Amino acid sequence: MTDRTTADLRRQIERTRHRLGVTVEELAARADVRGRTRARAADLMDRTGAMTVQLRSTASQASYHLHERAGRAGHAVQERAGHAGHVVQEHALHARHDLRDNAARAGRTAERSAPAPVRVPVRFALRHPRPVVIVGAAAVALVAAGVIGRRRAKE
């Protein structure tokens, strides 16, 4: 029985030594602040790297979507501007035609209401407005020169 007891004691000693070794290793790991700090720093660096990659990916996707939306908005503005340009051209064309019609009507009225000896020059003026404007400006200049001359002569 002593053999068994001795064998049991040896096994118990081995178990105790093993547990004591594990406990010492745990205590040494807890006491190794520098090692734990390095491990924690490495873990944080890994997390930071992963977050950086994720943030870059998200920013890239957001940039792509914004670029697409800006392109679509630009095309929409371009279409609207083109449509507005056509509308303005159409209104200008109608206004031009209305102006011509009104001018023709006014010319016919002026021609009808003018005395008979003046109707021929009025017709000419209506058909060829530029030379008439030039001659009219010259006539106004002559009249103004005459008025100024008379005033000076009176003084």
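Residues: numbered from 1 along the sequence shown. What you see is a predicted model; the values in this text were computed from it and never measured.
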Nearest 0.5 Å, please: how far is [atom2] in [Y] from [atom1] in [X]?
X: R105; Y: D101; atom1: CZ; atom2: CG; result: 6.0 Å
X: K154; Y: R150; atom1: NZ; atom2: CZ; result: 8.0 Å
X: L93; Y: E90; atom1: CG; atom2: CD; result: 7.5 Å
X: D98; Y: H94; atom1: CG; atom2: NE2; result: 8.5 Å
X: H18; Y: I13; atom1: NE2; atom2: CD1; result: 15.5 Å

Around E68, counting heavy atoms of other residues, nucleotides and ligands shown, do more than 12 lie under 6.0 Å from its CD?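 Yes, CD of E68 has more than 12 neighbouring heavy atoms, counting only those of other groups under 6.0 Å.
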Can you check whether H91 reaches V88 side chain to side chain, under 4.5 Å on heavy atoms? no
In the structure I gave you, are the side-chain heavy atoms of D8 and R11 within less than 4.5 Å of one another anywhere? yes
Could you work out, with side-chain hydrogen bond (donor to acceptor under 3.5 Å, both in side chains) as the rule, every residue matching E14, not counting sequence neighbours?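 For E14 the side-chain hydrogen bond (donor to acceptor under 3.5 Å, both in side chains) partners, ignoring immediate neighbours, are R17.
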For L44, does its backbone N or O pair with a side-chain atom of T48 as donor and acceptor, under 3.5 Å? yes
Looking at R56, is its backbone amide N or carbonyl O close enough to the side chain of S60 to form a donor-acceptor pair, meaning the two atoms are under 3.5 Å apart? no
For V147, side-chain contact (heavy atoms from CB on, under 4.5 Å) partners two or more places apart: V143, R151
